[in-house]
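Heads up: the structure comes next, in structure tokens.
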Number of protein chains: 2
Amino acid sequence: MAETSLGAKIRKLREKKQYTLEKLADLTSSSKSYIWELENKAPPRPSAEKISKIAEKLGVTVEYLLDDQAIITVGDAADARFYRKYQQMNDKTKAKIRSFVDLWDEDDDG
Amino acid sequence: MAETSLGAKIRKLREKKQYTLEKLADLTSSSKSYIWELENKAPPRPSAEKISKIAEKLGVTVEYLLDDQAIITVGDAADARFYRKYQQMNDKTKAKIRSFVDLWDEDDDG
DNA sequence: TTATTACGTTCAGAACTCTGAACTTTAAGT
DNA sequence: ACTTAAAGTTCAGAGTTCTGAACGTAATAA
């Protein structure tokens, strides 16, 4: 089957989160058959709305999902991605990161 | 005519860059009639590919164009404080924190 | 074996995107 | 006024997205 870059990314992220096709479909107001198509059929051209919800639930940016090349994320996009990731962590981890960043901030920030 | 949030953002950014419909269409492999529809007709549901190119040429993220709400909805006051702090740091520090958090995520996510 | 359950796969077709070409408007020049 | 050009607007229809429902497969249990 034609394996696209987008499809491979979605499947990898979905499996890492242990979501079934149906689970991810529910989270993103999609059908499981469509999620399956995105992962397995070429060439998908999903709507921005779909890919935006999918990116959100998988904890990445739209840019990351769509860009064929590896991207060097700078500026706002990187910040958005970072924050999305942070939000999805559990409270204990969040607290650890915050106190860690507080220390870093003292020394380094200008 | 129905004025959507997405349409308004695209027009504002396009006019700020002094692009005509045709110019933006050329830059994004679209037709000018379609760019016009995005700006003026409701409800647009453009493909991820289109909106990605448009965001790129207008110098914003896909998330900024699509999210109806304020960019980030904060669940928790501590998160909000943390993110404000993070945003004010310099790029090098931000990058360090991000890669640090990426590592943390590997262990912890599930 | 025969349920049952959970997950993945296939496909017809309604609904929608997006284009090309024609048309209208606005503005500047003579 | 008339011409020309540049920008915006409209629309039919080819082609695509996306869903719902049916089907396939594998695992577990009685």
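Heavy-atom basis, side chains included; hydrogens, waters and symmetry copies ignored. Keep in mind that what you see is a predicted model, and the values were worked out from it rather than measured.
Note: CG (Leu38(A)) to P (dG8(C)) measures 14 Å, nearest angstrom. Look at CG on Asn40(A): it is 8 Å from P on dT10(C), rounded to the nearest Å. The nearest whole Å value for the distance from the OH atom in Tyr34(B) to the C1' atom in dT16(D) is 12 Å. In this structure, Lys41(A) places its NZ atom 13 Å from P of dT16(D), rounding to the nearest Å.
Looking at heavy atoms from C-beta onward, Ile10(A) lies in side-chain contact with Leu65(A) at the 4.5 angstrom threshold.
By the side-chain hydrogen bond (donor to acceptor under 3.5 Å, both in side chains) test, Lys53(A) is found to be paired with Ser29(A), residues two or more places apart in sequence or in another chain being considered. Ser52(B) pairs by the side-chain hydrogen bond (donor to acceptor under 3.5 Å, both in side chains) definition with nothing, not counting sequence neighbours. Partners of Ser33(A) by side-chain hydrogen bond (donor to acceptor under 3.5 Å, both in side chains), not counting sequence neighbours, listed by chain and number: Ser31(A). Take Lys12(B) and apply the side-chain contact (heavy atoms from CB on, under 4.5 Å) test, not counting sequence neighbours, and it matches no residue. Partners of Thr20(A) by side-chain hydrogen bond (donor to acceptor under 3.5 Å, both in side chains), not counting sequence neighbours: none found.
Relative to the side chain of Trp36(A), the nucleotides dC18(D), dG8(C), dT17(C) differ in distance, and dG8(C) lies closest. Distances were taken from every side-chain heavy atom of Ser31(B) (C-beta onward) to each of dC18(C), dT10(C), dA21(C); the shortest belongs to dC18(C). Of all nucleotides listed (dC18(D), dT9(C), dC18(C)), dT9(C) comes nearest to the side chain of Lys32(A). Of the candidate nucleotides dC18(D), dT17(C), dC11(C), dC18(D) has the atom lying nearest to any side-chain atom of Pro46(A).
The stretch residues 12-30 of chain B comes close to DNA chain D through Arg14(B), Thr20(B), Leu21(B), each having a heavy atom under 4.0 Å from the strand. A heavy atom closer than 4.0 Å to some atom of DNA chain C occurs in Lys50(B), these being the qualifying members of residues 48-57 of chain B.
Residue Arg45(A) has no polar side-chain atom (N or O) positioned under 4.0 Å from OP1 or OP2 of dG15(D). Checking the phosphate oxygens (OP1, OP2) of dC18(C), a side-chain nitrogen or oxygen of Ser47(B) falls inside 4.0 Å.
Screening Leu24(B), Val60(B), Ile54(B) against Leu13(B) for a side chain to side chain contact (heavy atoms under 4.5 Å, CB included) leaves a single residue, Val60(B).
For dG8(C), its base never sits under 3.5 Å from the side chain of Ser33(A) at any donor and acceptor pair.
Within the structure, every pair that satisfies the salt bridge (Lys or Arg N to Asp or Glu O under 4.0 Å) test and touches residues 13-34 of chain B, not counting sequence neighbours, is listed here: Arg14(B)-Glu39(B).
Rounding to the nearest 0.5 angstrom, the gap separating the CZ atom in Arg45(A) from the CD1 atom in Ile51(A) is 12.5 Å.
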